[in-house]
Participant: 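Before anything else, here's the structure in question.
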Amino acid sequence: MKLKSNKKNIIANDIDGYLKTHQNKSLLRFITCGSVDDGKSTLIGRLLYDSKMIFEDQLAQLKIDSKKSGTQGKKIDFALLVDGLEAERQQGITIDVAYRFFSTEKRKFIVADTPGHEQYTRNMVTGASDSQLAVILIDAQKGVLTQTRRHSYLCHLLGIKHIVLAVNKMDLVSYDQTIFNSIISNYETFADTIGIKNFESIPISGLNGDNITTRSTNTKWYKGPTLLNHLEDLNIKPEKSESTSFFMPVQWVNRPNQDFRGFSGRIASGIVKPGQKVRIFPSNKTSVIDRIVTLESDLDHAILNQSVTITLKDEIDCSRGQIIASEDSLIQSADQFETLLIWMDESSLIPNRSYYFKIGTETVLAFISKIKFKVNINTMEKIAAQTLELNEIGVANLTTDRSIPFMPFKENKTLGSFILIDKMTNATVAGGMINFSLNRASNLHWQKMDVTREHRAKLKDQKPVVVWMTGLSGSGKSTIANALEKKLLQMNFHTFILDGDNIRLGLNKDLGFSDADRVENIRRVGHVAKLMTDAGLIVIVAFISPFRSDRDLVKKMIDKKEFVEVFIDTPLSVAEDRDVKGLYAKARSGKLKNFTGIDSPYETPENPDIHIKTKSQSIDESVNAILKKIIN
Amino acid sequence: MNNLNYLESEAIHIIREMVSESENPVILYSIGKDSTVMLHLIKKAFYPSFPPFPLLHIDTTWKFKEMYKFRDKIAKDVNMDLIVYQNPEAKKKGINPFDHGTLHTDLWKTEGLKQALNKYNFDSALIGARRDEEKSRAKERVFSFRSQQHNWDSKKQRPELWSLYNTRKSKGESIRVFPLSNWTELDIWQYIYQENIEIVSLYFAALRPTIKRNGLILMVDDNRLPLKSDEKPELRSIRFRTLGCYPLTGAILSEASTLKEVIQEMLLTITSERQGRIIDKDHGASMEMKKTQGYF
């Protein structure tokens, strides 16, 4: 490795200055791709060699290896520098992606040299997924090939914004400008069809070094930058998320002792500061950032890509897989998506089969419900498909087993990208990107209000709560609810009763007594009760609510601390004897269908917060039992 | 964010993913500068908690004396359990670098590592290797899957997209995790400098007893090094760019006794850091072969 003498002087005389400059260099991650034998590995070898990144012992080894393989006569075979696997060197091909590192005075580079063979596309995708720029090589003798198109398309799908078209082996076409121009115009037509808006094109020879680091005298007609100049000077477009709102998927909950509870993760968007209001997804709970903790000291802010541990002002349930986000974030939740899939496994995609779905730090189960189409790489045609085979690209609908927070891939890479893992073999079978959600309500954002539920509750000087009374018709729910509300009113509490019969006369007038309608009935009442607790009220719900699963659904909507389930336990025979409304008689005579306890089941609560046995407890006793639970 | 901070955050993310998704993780600690940097990153990743897993040192009994001292001190500093494993078979047979050639590395290091991972049922191991060290390493994934026999199959590497690491495995299979994959030698030195990380003093020049053999300068660390009749230990000002078994690790002549001088020297050098390592020179693909057999 021979250093330029001025650099040598700087290092020798001002090591502090040199280190500082080096430390503040920007980093560019790029890939080289294109068809087999377009000279990708040779180009990288040349870049490393010309930027003096090859050590003498490596060069000596390279000379020996080059002689042995004999592909370049007496010249050095630069491809041997990157083709590091025995199988690759034997066959003279690139099988897997290799990462190499070099730096110039201006910038540091990580380059991923990716394989050109179609069968190794998944390795190319591995390299492309976290690159900012792609150098797509074209053999000047062959022009635009299938793999040129495939790789360009993949780079574009994976969100690479900067494309360089390097027309290689110009030495073999006598540096002919017309050949160069016709290749460029050919590529331009294709690029336009897949949405690549602009690209830089450079005529080069990797083998001879034309226009790699120095301008070539062989291409006087070319006025643009050399490849290295372009890589050094390119203005890297900032990630969209650098300017948008903060969010971070939680990787690990940090609990060294009872006094500290931190959430560790890597920031996927925006900036975080102590005092900032945040919302936890998917639970929708809110809190405020307390501290940003690091080994050295607390930080006053942290930015995109930074790994941090943050603490919140409130004790809130939050664990790995959840997301801490600023209140204005555009995170959505859904369980059905249109996705773009790159299939990467030998066994083909099986629709409706469940796969592990990893997104951010969360893993759930998912299945492909429908393949909309796959893409013919040659023609970019959309073709109907029942499955996707190895290396095929398609658009498919995907359903997850629960609702997950996400963002479209175009908006954010971290929350828009996922992998599918086979449950049997544990292989990574696909990489995917979320286009958009298919759930109707997903685009409705929870309206952020300046006056919060806490303000409203404080004004009323009370703790909002839902007292959910369940029990047979005629069990005494309405009677107890009434007595309870009167008592609360005397104590100056703000209350409201949601009574089954009253609601059915208004809000739920359209619902009957089929199982489906009963479910909807309870869902609506649950939401109304939730809104009323947001308003700061004590809500008393007196509904038969016979199905356990529906009551569980309501419990999920409302904070555990704000929900009290009261089982009004009256034996069927007693309720039937009372029969205040004459309904049991009607049901028995068959005039009333689907009546709870007669021809529709009542599922008793397994663990009610309060269990009232009306046979032995008076109304006053019942009311006091509930009061004790809800008033501190 | 400058490029060192970026690499730091990336490494911490990898370490946390690995620990969150494995049942029984461990860090392989080799006492060298890279694994010492990794240990520093681990401290950062879990602060204010202590790292929730042990350190494992696969010992060959042939490391420099100073390395052993440093190892015990650092384990105490980070408050992690230290497991030292020596292959009992290699011990019984008295395997040494002079009489047994490559068998020394095979039995002490490769077999020792496999035995230790099996014995303690570790299902994933953090390792401080870098892609810029060697050409087969340049091909390896960050989360590198190993079979029940600990073998690496270079042709069957899992695709690894974005930062979504697939950590799933069946019983008996394991994953080797390389958080320093994207670091270069200069990044490591610069980070040691920036963070003021303590490393073994063998990296700094001092007068040490040495002999010259087969073009390498070897340090006479104890009386187990058999000297030929014409070999007389001489005091030379030397230091090491990498550390391993002392009879297999060549020193360089140097006056660089401070961190800044070491970095200066490194930047001006014309040979790679593995140049002094006998282990790499068996033949062209030796590291790949070792990895196939279960070496890290």
Side-chain angles (χ1 to χ4, degrees), chain A residues 1-3 8 11-12 15 18-19 22-27 55-58 65 82 84-87 95-101 108 110 122-123 125-126 129-130 251-252 254-256 260 264 266 293-295 303 305-307 309 320 344 356 358 361 413 417-419 421 426-428 431, chain B residues 1-6 8-10 12-13 16-17 19-20 43-50 131-132 134-139 141 154-155 157-164 166 168-170 173 181-182 184 186 190 193-194 260-261 263-264 267-272 274-275 284-285 288-289:
Chain A
M1 188 169 79
K2 290 184 186 64
L3 295 165
K8 216 169 180 171
I11 294 169
I15 183 72
Y18 179 85
L19 286 179
H22 185 77
Q23 188 177 329
N24 290 322
K25 281 177 192 169
S26 64
L27 176 68
F55 291 109
E56 275 196 352
D57 53 316
Q58 292 172 334
D65 291 349
V82 269
L85 301 175
E86 191 73 37
I95 294 173
D96 211 330
V97 52
Y99 296 88
R100 303 298 303 221
F101 307 81
K108 274 181 66 175
I110 299 178
R122 60 186 173 197
N123 297 336
V125 170
T126 294
S129 69
D130 56 3
Q251 273 189 294
W252 193 70
N254 196 330
R255 301 205 64 176
F260 188 93
S264 302
R266 193 174 189 200
V293 182
T294 73
L295 178 66
I303 58 169
N305 285 327
Q306 214 168 333
S307 286
T309 295
R320 178 173 166 83
M344 304 190 293
Y356 289 119
K358 185 170 184 184
T361 55
K413 271 193 183 184
S417 60
F418 61 88
I419 54 171
I421 300 167
N426 291 325
T428 309
Chain B
M1 189 183 293
N2 74 35
N3 63 65
L4 269 190
N5 295 342
Y6 183 88
E8 177 192 78
S9 275
E10 180 187 70
I12 289 175
H13 173 82
R16 287 174 178 162
E17 276 305 282
V19 170
S20 300
K43 250 163 54 183
K44 286 196 162 194
F46 299 107
Y47 178 83
S49 293
F50 292 115
R131 282 172 175 157
D132 84 323
E134 197 275 334
K135 56 185 182 292
S136 66
R137 289 232 185 277
K139 293 263 168 185
R141 301 284 186 261
S154 64
K155 287 176 209 157
Q157 294 203 85
R158 288 174 174 175
E160 191 165 85
L161 274 63
W162 302 291
S163 313
L164 288 170
N166 175 359
R168 300 221 162 239
K169 54 200 169 298
S170 300
E173 295 166 345
S181 285
N182 290 325
T184 63
L186 178 57
Q190 199 155 18
Y193 178 66
Q194 176 186 297
K260 257 193 240 175
E261 285 166 355
I263 297 175
Q264 222 162 5
L267 286 168
L268 297 171
T269 191
I270 52 169
T271 54
S272 77
R274 295 201 77 87
Q275 191 244 356
E288 181 183 352
M289 229 170 70

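Sequence lines set the chain letters: A, B, ... in the order given, protein chains first and strands last, and positions in each chain run from 1. These numbers come from the heavy atoms of this one structure, side chains and all, not from hydrogens, waters or symmetry mates.
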Participant: Is the shortest side-chain heavy-atom distance between A:Thr126 and B:Arg141 below 4.5 Å?
Facilitator: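 Yes, their side chains come closer than 4.5 Å.
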Participant: Between A:Asn24, A:Val97, A:Leu27, which shows the greatest number of heavy-atom pairs under 4.5 Å with chain B?
Facilitator: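 Greatest number of close heavy-atom pairs with chain B: A:Val97.
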Participant: Starting at CG of B:Asp132, measure out to OH of A:Tyr99 and round the result to the nearest 0.5 Å.
Facilitator: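 Output value for this atom pair is 14.5 Å.
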Participant: Side chain, backbone, both or neither: which part of B:Tyr193 has a heavy atom under 4.5 Å from chain A?
Facilitator: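 When you check distances to chain A, only side chain atoms of B:Tyr193 fall under 4.5 Å.
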Participant: Sort A:Ile421 into side chain, backbone, both or neither according to what part of it lies under 4.5 angstrom from a heavy atom of chain B.
Facilitator: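 For A:Ile421, side-chain heavy atoms alone lie under 4.5 Å from chain B.
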Participant: Considering non-hydrogen atoms only, spot the tightest contact between A:His22 and B:Asn3 and give its length.
Facilitator: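 Minimum heavy-atom separation between A:His22 and B:Asn3: O-ND2, 3.4 Å.
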Participant: NZ of A:Lys358 to CZ of B:Arg168: how many Å apart, nearest 0.5 Å?
Facilitator: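 Output value for this atom pair is 9.0 Å.
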Participant: Search all heavy atoms of B:Lys260 against all heavy atoms of A:Ile15 and return the closest pair with its distance.
Facilitator: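 Looks like CD-CG2, 3.6 Å.
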Participant: Counting heavy-atom pairs under 4.5 Å with chain A, which one of B:Ser181, B:Pro48, B:Ser163, B:Ala45 comes out on top?
Facilitator: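 Winner by heavy-atom pair count: B:Pro48.
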Participant: On a heavy-atom basis, which atom in B:Tyr47 and which in A:Val293 lie closest, and how many Å separate them?
Facilitator: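 Answer, listing the atom of B:Tyr47 first, then A:Val293: CE2-CG1, 3.7 Å.
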Participant: At a 4.5 Å cut-off on heavy atoms, which part of A:Ser417 comes close to chain B: side chain, backbone, both, or neither?
Facilitator: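 Both backbone and side chain.
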Participant: Specify which of A:Ser264, A:Gly431, A:Ser26 makes the most heavy-atom pairs with chain B at under 4.5 Å.
Facilitator: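 Among A:Ser264, A:Gly431, A:Ser26, the one with the most close pairs to chain B is A:Ser264.
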Participant: Under 4.5 Å between any side-chain heavy atoms of A:Asn305 and B:Ser9, yes or no?
Facilitator: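 Not in contact.
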Participant: Any donor and acceptor pair, going by atom type alone, linking the side chain of B:Arg158 with main-chain N or O of A:Asn426 inside 3.5 Å?
Facilitator: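 Yes; at least one donor-acceptor contact below 3.5 Å.
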Participant: Measuring heavy-atom distances to chain B, does A:Arg122 have an atom under 4.5 Å in its side chain, in its backbone, in both, or in neither?
Facilitator: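 Its backbone and side chain both get close to chain B.
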Participant: Minimum heavy-atom separation for A:Ala98 and B:Lys139, please, with both atom names.
Facilitator: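 Heavy atoms of A:Ala98 and B:Lys139 come nearest at CB-CE, 3.5 Å.
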Participant: Contact part of B:Gln194 toward chain A, heavy-atom cut-off under 4.5 Å: side chain, backbone, both or neither?
Facilitator: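 Answer is side chain: those atoms of B:Gln194 sit under 4.5 Å from chain A.
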Participant: Please classify the contact between A:Lys25 and chain B as side chain, backbone, both or neither, with a heavy-atom cut-off of under 4.5 Å.
Facilitator: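 Contact with chain B is through both the backbone and side chain of A:Lys25.
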Participant: Under 4.5 Å heavy-atom distance to chain B, tell me which part of A:Phe260 shows up: side chain, backbone, both or neither.
Facilitator: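 Contact with chain B involves the side chain of A:Phe260 alone.
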Participant: Locate the shortest heavy-atom distance separating B:His13 from A:Gln251; write the atom from each residue and the value.
Facilitator: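 Closest heavy-atom pair between B:His13 and A:Gln251: O-NE2, 2.9 Å.
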Participant: Is A:Ile110 close to B:Arg131 at the side-chain level, that is, under 4.5 Å between some pair of heavy atoms?
Facilitator: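 The answer is no, as the side chains (C-beta and beyond) never meet within the 4.5 Å cut-off.
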Participant: Contact part of B:Ser170 toward chain A, heavy-atom cut-off under 4.5 Å: side chain, backbone, both or neither?
Facilitator: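 Looking at B:Ser170, backbone and side chain both touch chain A.
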Participant: Look at the side chain of A:Asn254 and the backbone N and O of B:Phe46, then say whether any donor-acceptor pair between them is shorter than 3.5 Å.
Facilitator: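 Checked: pair present.
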Participant: Which is it for A:Asn123 and B:Gln157 under the side-chain contact (heavy atoms from CB on, under 4.5 Å) test, yes or no, and what are the steps along the way?
Facilitator: CA-CA 9 Å; A:Asn123 297 336; B:Gln157 294 203 85; 5.5 Å; no
Participant: Chain B: which of A:Asp130, A:Asp96, A:Thr309 shares the most heavy-atom pairs with it under 4.5 Å?
Facilitator: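 Most pairs with chain B among the choices: A:Asp96.
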Participant: Looking at CD of A:Gln23 and CG of B:Leu186, how far apart are the two atoms once the value is rounded to the nearest 0.5 Å?
Facilitator: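 So the CD of A:Gln23 and the CG of B:Leu186 are separated by 10.0 Å.
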Participant: Between A:Arg266 and B:Ile12, does the side-chain contact (heavy atoms from CB on, under 4.5 Å) criterion hold? Intermediate values first, please.
Facilitator: CA-CA 9 Å; A:Arg266 193 174 189 200; B:Ile12 289 175; over 6 Å; no
Participant: Okay, side chain of B:Ser20, backbone of A:Trp252: is any donor-acceptor separation there less than 3.5 Å?
Facilitator: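 No: the side chain of B:Ser20 does not pair with the backbone of A:Trp252.
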Participant: Has B:Gln190 got a side-chain atom pairing as donor or acceptor with A:Leu19's backbone, closer than 3.5 angstrom?
Facilitator: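 Looks like yes, one N/O pair under 3.5 Å.
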